[in-house]
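Take a look at the structure set out below.
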Amino acid sequence: MQEANPKLNSKTAGLAYSVNIVVYILVNLIISIIIVAAAIPEDSDANIYLSYLAAPIALSIGCFLMLKYSKQTIREVAPVKCNYKYYIIALLMIFGLLFALTHISDLTLKLLELMGYTPRDDSSYLPSLKGGLIVPALLVIAVLPAVLEEFLFRGVMLNNIRNSVGDIRAIFIVGFCFSLFHGSPEQTVYQFISGCAFAFLAIRSGSILPSMLMHLLNNGIIIILNACGATDSGGDLIISQTGNIILTVVAALAFVGSVVWLILDKKPFQKCGNGGVKAFFIYASVGIVILAIVWILSFVGV
């Protein structure tokens, strides 16, 4: 992605995670106070939009603070130039993730239900999508998260951690942190795989834009399918069993093909340095502990 930069290090990556999570919790608290003070109904669109805006607002503040603290530039942590082929790979990869690997969430949910987990009602995740209301939904739920989450995870964190832990470990560490950030027990495995895939693409392409495109399409397509009434109450496509099997197989092949394409890329992986992993987890520990507690509370239904 870029030559080793001494300003980029595991300490900054871990601290960026903790700072952003602390800010995220504070923003959520403020929004909760606003909702209570304004007596906004829990199932209203206003409540849903405010909930979705918490992360973009928090990440904007947190990433700004970290760039100021570390004296890093946007260009250093979020390069954008890359070969067009990586956008093709991004399309293949997100097609595979959306229509093949999402079945992993169904399997994860079944396993968690055996452990006593009660899933949240799917209808409460999205605001009204009737008519022109799909536009603000796409902006708040698809565009803003794609830009700001990618800037933190595949920008600030990934580019800071690579120099000291190497590319392979960086992929899995960032994937883990990305999954934990979303706090959804049933999507934990899917989010981990997605986070690793986004990071792998960002490393190979040398740009943050292909992963932003993937993230945007992941969220945007889900919203559009819901708006068109193409999904059932569980979020699955309303198509025949045969059609679903064909779609899943083709999507799985697309995902595997995209991963193989990236593996065969001639760019060498950065090797692991000394002490980078330990330094990252020390400084990221505050954020990890907070999100682990949130995950557990979500699991028990609090």
Side-chain angles (χ1 to χ4, degrees), residues 5 7-38 40 46-80 127 136-161 173-184 191 195 198-199 202 208-209 211-212 215-216 218-219 279-295 297-298:
N5 184 336
K7 291 171 63 178
L8 305 176
N9 56 78
S10 287
K11 173 184 174 180
T12 301
L15 194 58
Y17 193 60
S18 289
V19 168
N20 275 275
I21 299 312
V22 170
V23 175
Y24 180 44
I25 295 300
L26 291 175
V27 170
N28 264 302
L29 178 60
I30 293 171
I31 288 178
S32 297
I33 293 173
I34 292 173
I35 289 173
V36 172
I40 299 175
N47 190 311
I48 294 173
Y49 274 116
L50 284 172
S51 298
Y52 274 113
L53 282 170
I57 292 172
L59 299 190
S60 298
I61 297 171
C63 288
F64 173 79
L65 292 175
M66 280 309 305
L67 290 180
K68 282 290 187 181
Y69 166 79
S70 61
K71 297 180 180 179
Q72 296 173 349
T73 66
I74 292 177
R75 181 175 296 182
E76 286 176 314
V77 298
V80 295
L138 286 170
L139 175 62
V140 174
I141 304 173
V143 177
L144 290 180
V147 173
L148 292 165
E149 288 181 23
E150 289 309 303
F151 184 76
L152 171 61
F153 290 100
R154 263 65 64 175
V156 176
M157 289 181 60
L158 181 63
N159 285 292
N160 266 288
I161 201 175
I173 290 173
V174 172
F176 162 74
C177 291
F178 180 71
S179 175
L180 193 59
F181 174 75
H182 287 82
S184 173
Q191 293 289 4
F198 291 177
I208 197 174
L209 294 184
S211 62
M212 278 188 180
H215 203 144
L216 173 62
N218 182 82
N219 295 4
F280 172 79
F281 280 105
I282 288 175
Y283 287 96
S285 60
V286 173
I288 291 173
V289 169
I290 290 173
L291 291 179
I293 293 173
V294 171
W295 193 97
L297 291 176
S298 180

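- For the pair I173/I161, a side-chain contact is recorded, criterion being any heavy-atom separation below 4.5 Å from C-beta on.
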Q72 and N159: CA distance, side-chain angles, deciding distance, side-chain hydrogen bond (donor to acceptor under 3.5 Å, both in side chains) verdict: CA-CA 11 Å; Q72 296 173 349; N159 285 292; over 6 Å; no
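- H182 has its side chain within reach of E149: a pair of non-hydrogen atoms, C-beta onward, lies under 4.5 Å apart.
- Residues L158 and F198 fail the side-chain proximity criterion, which asks for heavy atoms closer than 4.5 Å.
- At least one donor-acceptor pair closer than 3.5 Å links the side chain of S211 to the backbone N or O of I208.
- Not a single donor-acceptor pair under 3.5 Å links the side chain of N160 to the backbone N or O of T12.
- The shortest non-hydrogen separation linking V156 to C63 is CG2-SG, 4.5 Å.
- The aromatic rings of F181 and Y24 sit tilted, their planes meeting at an angle between 30° and 60°.
- A distance of 11.0 Å separates CG of N28 from CG of L53, quoted to the nearest 0.5 Å.
- Ring orientation note: the planes of F178 and H215 are nearly perpendicular, at an angle over 60° on the 30°/60° scale.
- Using a distance-only test at 3.5 Å, with no hydrogens or angles considered, a donor-acceptor pair links the side chain of N219 to the main chain of I141.
- For the atom pair CE (M157) and CG (N20), the distance works out to 8.5 Å, reported to the nearest 0.5 Å.
- Side-chain contact between V294 and L180 is absent, with no heavy atoms from C-beta onward closer than 4.5 Å.
- Under the 3.5 Å distance criterion, the side-chain polar atoms of S51 are matched with a main-chain donor or acceptor of N47.
- Here the side chains of L291 and Y17 are in contact, with some heavy-atom distance below 4.5 Å.
- In this structure, C177 and F153 have side chains that are in contact, with non-hydrogen atoms separated by less than 4.5 Å.
- Within the 4.5 Å cutoff, side-chain heavy atoms of F151 are placed close to those of V77.
- Not one N or O on the side chain of S179 forms a donor-acceptor pair closer than 3.5 Å with the backbone of G175.
- Counting only heavy atoms from C-beta outward, the side chains of Y283 and S10 never approach each other to under 4.5 Å.
- With E150 contributing its side chain and V147 its backbone, the two residues share no donor-acceptor pair below 3.5 Å.
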